[in-house]
Amino acid sequence: MIDIRLVRDDTEAIKAALGRRGIDPADIDRLVALDAQARSSIGARDEVRARIKAISKEVGAARRDGDTARAEALSEESRDAGERERELDVTATDIQDQVRSILLVLPNLPSADAPDGAGPEDNVVARSWPEVAPVYGDHQRVPHWEVGAALGLLDMERGAKLSGSMFPLYRGMGARLVRALESFALDRHADAYEEIRPPTLVLTETMVSTGHLPKFEEDAYHLERDDLWAIPTAEVPLTSMWRGDILDEADLPLRLTAGTSCYRREAGSAGRDTRGLLRVHEFEKVELFAYSTPDQAAAEHEAMVARAEDLLQALGLQYRVLDLCAGDIGLSAARTFDLEVYSPGVDMWLEVSSVSWCSDYQARRANIRYRPEEGKGPVFVHTLNGSALAWARIWAALVETGRQDDGSVVLPDVLAPYLGGRTVVDAPG
RNA sequence: GGAAGGGUGGCAGAGCGGACUAAUGCGCACGCCUCGAAAGCGUGUGAGGUGAAAGCCUCCGGGGGUUCGAAUCCCCCCCCUUCCGCCA
């Protein structure tokens, strides 16, 4: 959530900032009006409450003095006030809920540094790696689902048999590659990030804290019987680890990493990129996550992007970094860099990481604060998250990039320790 | 799943219908003392909302109820501990 006080006190600036994301200024005016209404109704209710408390004290005093008649009269007055209080409370609560439900779907304020633009076409390519684009041979122009099927690494048909389409099933070296990638990434960040293995089914509140609910309910798997949600990213449980808590400044930045399965219904993208591993309902991902002070956030964000890039460089995959424009940044983020890997078999740039600085947007939802060493009360932390790569698409890019003339696949040397020393997947026959 | 006991401020822990404005201890901050420190003594120490301020209101796991008045009584739910059952 953004700070309602900012909306109240600096309405025009908020309209301008959210206007960059396509929010209608009239919506903000409506919110401001509703907020004013909420505050006045809270005031009216609290006045009556104060009256009731005062009367109750007098009743107690009258009882002690044995003045039953006076106690009765006061009780009667308080009963009437109680009725009014209930009515006023219903009104106040209702209006407050309306304000909150608007705030919950209102996106974060974009960073001033984020480029202008309305959609994906306006994103800016910040840099590419390697500087000189590689040249790919014909043997690399084979899509990973064909390579995977031929070498017995990937069996999409059997995955669909078990769970429906877009649920991959890896086999043999293909399965081991997924495991290797996860270990590789977690080990790579062990120097600065605490490894977490969180639950992957979470409460509604946990999903609301990151911004995945209520707005994107259609994208999430929900287990109705137990009212639990399957996480779309480890960012969800990691954000809520300190939900409702107040951290010490000395604890920050607090860095966490987790490898989990991620579940996405992909409701809005039916029919698009459905081949192979381009878009799947379940995939593995290693996430980097940090809570920081506002001052630390920019450096933390940069460092996180560098770490994601480091993984791609270590794997030898061609990629580019996109600075997302205001119109394309996700709900909770103020600024986001996407990493896209080039996959020669499908001849596409595949998004494999999204590194976001969410300022205090999620922290306000989740009520996560810290006590500054200098100064007054607790303030909201900033949250940052980034994929230390999503392995389904990396898997695809590795298999396509590594395909040799003879049909075999050569995997990066850095993975050798995780693959039992063997980085070659032989062609059949 | 069954039984019992619990969930109170940063922590420990008392309170079990009206002075709760939540005791007390620890911790923390400041002061006194000291060459300096420890000890000791003193003072102060939760969060949120609203308001120019004084103040007012909310929060004792969550929700609902009883009452003039609820941390305290009743109902439902969640979580923790122990025991039993079941289970990878």
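Computed from a predicted structure; not experimentally measured. Letters A, B, ... mirror the listed sequences (proteins, then strands); counts begin at 1.
With a cut-off of 3.5 Å on both pairing distances, the Watson-Crick and G-U wobble pairs of RNA chain B assemble into stems of 3 or more at B:1-7 with B:78-84, B:10-12 with B:24-26, B:27-32 with B:40-45, B:46-50 with B:55-59, B:61-65 with B:73-77.
Here the P atom of nucleotide A47(B) and the CZ atom of Phe380(A) are 13 Å apart, to the nearest Å. Rounded to an integer number of Å, the gap from Leu203(A) CG to G63(B) P is 15 Å. The distance between atom CZ of Arg243(A) and atom P of A47(B), rounded to the nearest whole Å, is 21 Å. Ile42(A) has its CD1 atom 12 Å from the C1' atom of G48(B), to the nearest Å. We find that CG of Asp245(A) is positioned 13 Å from C1' of A47(B), with the value rounded to whole Å. Across the protein-nucleic acid pair, Lys57(A) atom NZ and G17(B) atom P stand 19 Å apart, rounded to whole Å. The CG atom of Asp227(A) sits 12 Å away from the P atom of C78(B) (whole-angstrom rounding). For the pair Arg369(A) CZ and A47(B) P, the interatomic distance rounds to 8 Å; values are reported in whole Å.
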>> Pair Asp426(A), Ser408(A) - check side-chain hydrogen bond (donor to acceptor under 3.5 Å, both in side chains), show working.
In response: CA-CA 5 Å; Asp426(A) 293 324; Ser408(A) 65; 5.7 Å; no

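With sequence neighbours left out, Asp97(A) forms a side chain to side chain donor-acceptor pair (under 3.5 Å) with no residue at all. Residues passing the ring-ring contact (aromatic ring centres under 6.0 Å, His included) test with Phe167(A) are His281(A), sequence neighbours excluded.
Atom P of G63(B) sits at a distance of 14 Å from the matching atom of U58(B), rounded to the whole Å. Taking atom P in both G10(B) and G6(B), one finds a spacing of 24 Å when rounded to whole Å. Of the P atoms belonging to G55(B) and G17(B), the separation is 32 Å, rounded to the nearest Å. G9(B) and G5(B): their C1' atoms are spaced 23 Å apart (whole Å). With C1' as the reference atom, A22(B) and U72(B) are 12 Å apart, rounded to whole Å. When the C1' atom is compared between C26(B) and U45(B), the two are found 13 Å apart, to the nearest whole Å. For the P atoms, the distance from C11(B) to G18(B) is 27 Å, rounded to whole Å. When the C1' atom is used for both C80(B) and G69(B), the distance is 32 Å, rounded to whole Å.
Screening residues 295-314 of chain A for ring-ring contact (aromatic ring centres under 6.0 Å, His included), with sequence neighbours left out, gives His301(A)-Phe337(A).
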Sub-3.5 Å pairs of nitrogen or oxygen atoms, protein against nucleotides 55-62 of chain B:
| from | atom 1 | to | atom 2 | distance (Å) |
| --- | --- | --- | --- | --- |
| C57(B) | O2' | Asp46(A) | OD1 | 2.8 |
| C57(B) | O2' | Asp46(A) | OD2 | 3.4 |
| U58(B) | OP2 | Lys53(A) | NZ | 3.2 |

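Counting only heavy atoms from C-beta outward, the side chains of Leu18(A) and Pro107(A) approach each other to under 4.5 Å. Residues Ser332(A) and Asn108(A) fail the side-chain proximity criterion, which asks for heavy atoms closer than 4.5 Å. In this structure the side chain of Leu153(A) never reaches within 4.5 angstrom of the side chain of Tyr170(A), judged on heavy atoms. A heavy-atom distance below 4.5 Å is not found between the side chains of Val236(A) and Trp229(A).
In summary, the aromatic rings of Phe283(A) and Trp395(A) are positioned with their centroids too far apart to meet the 6.0 Å limit.
Residues from residues 58-86 of chain A that place a heavy atom under 4.0 Å from any atom of RNA chain B, listed by number: Val59(A), Gly60(A), Arg63(A), Arg64(A), Ser75(A), Ser78(A), Arg79(A).
Partner of Ile14(A) under the side-chain contact (heavy atoms from CB on, under 4.5 Å) criterion, chosen from Val7(A), Val32(A), Asp9(A), Leu31(A): Val7(A).
The aromatic rings of Trp357(A) and His382(A) sit tilted, their planes meeting at an angle between 30° and 60°.
Residue Ile246(A) places its side chain closer to A47(B) than to any other of U21(B), A47(B), G51(B). Ranking U50(B), C68(B), G10(B) by closeness to the Arg371(A) side chain, first place goes to G10(B).
Between Ser353(A) and Ala308(A), the closest heavy-atom pair is OG-CB, 4.0 Å.
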